[in-house]
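Here's the structure, in C-alpha cells; my notes come after.
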Amino acid sequence: MTALDPRPPAPALQQAQPAAPIRPRADAPLQRGRPDIRPDVESPRPAAPGHVHSPSLVMLVLIATIGILAYANFLLNPASRGDWLPYSLVILAESILIFQALLSMWTILSGSHDPRDFNFHQAQSTLFHRRTIVRDALDASPERWPLHLNDRRVSVDVFITTYGEDLDVIKDTVAAAVAMHGAHLTWVLDDGRSDEVRDLAARLGARYVRRLSSSGAKAGNVNHALSLSSAEYFVIFDADFVPEPSFLIETVPFFVDGGVAFVQTPQAYRNLHNVISRGAGYMQAVFYRFIQPGRNRFNAAFCVGTNVIFRRSAIDEIGGMYTDSKSEDVWTSLKLHERGWKTIYIPLVLATGHAPDTVEAYTKQQLRWATGGFEILLTSSPLSPRSRLTFDQRVQYLVTASFYLTGIAPLLLLLVPPLEIYLDLRPMNLSTTVVTWVVYYAGFYLMQVLLAFYTMGSFRWETLMLATASFPIYVAALVNVLVGREQHWSATGNRSKASSPFNFMVPQVLFFVFLLLTSVVGVWRDLGIGTPTLATAWNVTNTLILGSFVVAALHESRATRRSLAVLGPNTRRGRQSARRQDARTGKVAPA
C-alpha cells in the first residue's frame, strides 16, 4: 500500500456483510416455533456432514491468501522502498493489516466443521420427555416443559441485564425470554434501579433484582445474580436482545459433554435504519459468520457477553465472571480456556438486538471493545510463558488482542498522501510503475473485496466509512490502557442521553478539514505541473470518505433536534438531568 492508498483500514474480510440472519440447518429438528415433542428417544439421528464451506469459497480464500503474500513480498522488496518516512508509515500499517488478514484466512478455512456431533443430536432428541409433558398437562405451555440431559432433569436461569434502556426495549426482551421453550426462570438484573422496570418484570412473570451498588458493571451484575440463584445453567441477554423460542433447544444439548463451559450464539441486529447502525452492524458480520466458527477448531471461541449460555460450575471454578476489565466476556473466556474448559460457537441467530445507531453510541461501544482488547495485549499477553493456553489458543487470542490496531492503521495511511503533496516524499520507488503497483494491490485488496462479495452478496460503503473514520477512538483506547485511565460509558441501548454527535468526533472533523485543504493544494499543484497525480487522487478519495462521516453526523444532529422538539421541554430536562447524574456517579454501564 502506498501513500496514495485510500483503502479502508482493515482488509475487506474484516468489514461488512449483510446482517441477514444465518439460516438454521435444514435438518434441525426443533428449530423454531413450538418444538416437536419427541418420545423418550432411542434412535438418535446421525451427525450431519461436517464440511460447511463450499469448494469455491475455499478456492477464493486460497487465491486471496496468495495475493496477500505476493503483496507483502512486494512491499518488503528493497527495490520498492521510497523515502523512509512515508515508507515506514506504510510498512507499519500494512504489517498490521497483513498479519490480521492472514490469520483471518486461516481461521475461516478452519471453520469447516459443524460442532453438532452425534451426542448433540442424541441429547437434543431427548431434551423433552413426552410422557412427563402429557402427564403434567403441559402441552400448551412449552415454556414449562422440563429439560433433560442424560435422562436427568436440568435447571436454567435466564439473566437479562438492564441499565437505563427504554422500557419498551426491555419489555420485548423479557416477554420473549419468559416465553422461551423449556422450563426456566427469567431474572431481570436492573442496574438502572427503575421502579418501572421492577413493575414490568412482575407483570411479565420475571424475577427482579436491584443491586445497591454497580461494582463490576455488567459482570458484577451477573455475579450478584449468581449469588441469589441456583440453576445448573444460566443464560445472559442484554436488555435489547430478543431471544427466539428455540434458544434453549439449540444450546442446552451441547452440555451433554461435561467439559463444555458455554455455548455462544451470534449478535444480529434489527435496527439497521441509518448509516451508523448499518456500518456498525455489518462490520461485525464476518466475525460472527466466519471467524468465530473457525475458532471452534482450536477451542478458542470466546463469549461476547450476550446470547450465551454458561455452565454454572465452570464459572464457579474461575471465581465468577471476570470483573476487572472492559471486556469481561473475553477475559472470562480466557480464564475458562486456561482451565481447560471447552467453548462452542454456533452461527445460528437465536436473538436479535440493536446496533449502535448514533455517533455517540458507536464511539462508546468501540472504545469499550478496543480498550478491552488492548488490556489483554498489554497486560496479559497470550504469548506469555505463564499462560496455560494451547498454541492455537494463544494465536487466536493474540489476533483478538491486536485486532484494534487495524483501526489505528488508517491514521498512518491517511498521512502519506499529504507527505507527497507538501514535501514530495514518496513511499515507493519512483521506478515502480503504476501497472506493477496495481497488480500487487489487486492481489491483496481486490481479491478480498471479491471474496466479500461472494460470501456476503454485496459491499457496504458504510463499513468503509466507519473503518476509516474511527482511528481516534482506537488511539484513545490505546492511550487509556497505556496510562491506566478509567473510561466511563453508558449502555449501547440507552436513549436517555442523546447529544450532538460532534461532541464525539472533534478529531475526525479537524482531520477532514486538513484533508480538504490538502486536496485543494494538491489540485492546484497538479494544475501547475500539468498532470494529475495519484497522490492528489487518493487524498481526494480520503477526503470524501471522511466527509461522508461528517455528513452522516449532520443528518443525525438534525434528526436529534427534531426529536427533542417533538418530545418537548420536560424530556429535554430529563435527559440533561440524566447526564448530570451520570457525570456525578461516573457509573460504568454493562455492555
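FYI, the numbering just counts along the sequence from 1. Owing to the predicted nature of the structure, the values given are computational and were not obtained by experimental measurement.
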Exercise. Do I68 and F99 have side chains that get closer than 4.5 Å, going by heavy atoms?
Worked result: no

- When the ring planes of F237 and F247 are compared, do they come out parallel, tilted or perpendicular, using 30° and 60° as the limits? perpendicular

ask   = For the side chain of D240 and the backbone of H354, is there at least one donor-acceptor N/O pair under 3.5 Å apart?
value = yes

Practice task
Say whether R368 and S327, considering side chains only, have a donor N or O and an acceptor N or O under 3.5 Å apart.
Solution key: no

State, yes or no, whether a side-chain contact exists between S88 and I91 at a heavy-atom distance under 4.5 Å. no

In this structure, CD of Q366 is separated from OG1 of T371 (nearest 0.5 Å) by 10.5 Å

Exercise. Between Q100 and V399, is there a donor-acceptor pair closer than 3.5 Å when you use the side chain of the first and the backbone of the second?
Worked result: yes

To the nearest 0.5 Å, atom CG of N307 lies from atom CG of L350 at 8.0 Å

(request) Would you kindly say whether T332 and D329 are connected by a side-chain donor-acceptor distance under 3.5 Å? (result) no

Problem - Stepwise salt bridge (Lys or Arg N to Asp or Glu O under 4.0 Å) check, E462 with R278 - result: CA-CA 7 Å; E462 296 94 333; R278 286 195 297 273; 2.8 Å; yes

- Query: Does a donor on one side chain sit under 3.5 Å from an acceptor on the other, for T162 and D190?
  - Reply: yes

L510 meets the side-chain contact (heavy atoms from CB on, under 4.5 Å) criterion, sequence neighbours left out, with V506

Paired with F302, the ring pair (Phe, Tyr, Trp, His ring centres under 6.0 Å) test is passed by just one of W341, Y345, F287, namely F287

R270 meets the salt bridge (charged side-chain N to carboxylate O under 4.0 Å, His left out) criterion, sequence neighbours left out, with none

Exercise. Is D238 salt-bridged to K218, cutoff N-O under 4.0 Å?
Worked result: yes

CG of L334 to CZ of R388, rounded to nearest 0.5 Å, is 10.0 Å

Check whether any side-chain heavy atom of Q264 lies under 4.5 Å from a side-chain heavy atom of I344, and answer yes or no. no

message = Can you confirm whether or not the ring centre of Y362 sits under 6.0 Å from the ring centre of F504?
response = no

Got V475 and L478 here, is their nearest side-chain heavy-atom distance under 4.5 Å?
no

task: Indicate whether any N or O donor in one side chain lies under 3.5 Å from an N or O acceptor in the other, for H184 and Y233.
output: no

Residues passing the side-chain contact (heavy atoms from CB on, under 4.5 Å) test with P472, sequence neighbours excluded, are P507, Q508

Taken in chain and number order and not counting sequence neighbours, the residues that satisfy salt bridge (charged side-chain N to carboxylate O under 4.0 Å, His left out) with E375 are none

Residue pairs passing the salt bridge (Lys or Arg N to Asp or Glu O under 4.0 Å) test with at least one member in residues 339-349, sequence neighbours excluded, are D257-K342, E317-R339

Heavy-atom donor-acceptor pair, T265 side chain to L348 backbone, under 3.5 Å
no

Notebook entry, point to check: Taking the inter-plane angle between the rings of Y397 and H337 on a 0 to 90° scale, is it parallel (under 30°), tilted (30 to 60°) or perpendicular (over 60°)?
Noted result: perpendicular

Sequence neighbours excluded, the answer for side-chain contact (heavy atoms from CB on, under 4.5 Å) partners of R394 is L383, S387, L389

- Query: Mind checking whether F234 and V222 have side chains closer than 4.5 Å, heavy atoms only?
  - Reply: yes

Would you confirm whether R116, through its side chain, and I346, through its main-chain N or O, come within 3.5 Å as a donor-acceptor pair? no

The reported gap from CG in L69 to CG in L102 (rounded to nearest 0.5 angstrom) is 5.5 Å

- Message: Using only atom types and a distance under 3.5 Å, with no angle test, would you say the side chain of N480 pairs donor to acceptor with the backbone of A476?
- Response: yes

*asked:* Any donor-acceptor pair under 3.5 Å linking the side-chain atoms of S325 with those of E328?
replied: no

Here the pair of heavy atoms bringing A553 nearest to M505 is CB-SD, 3.3 Å

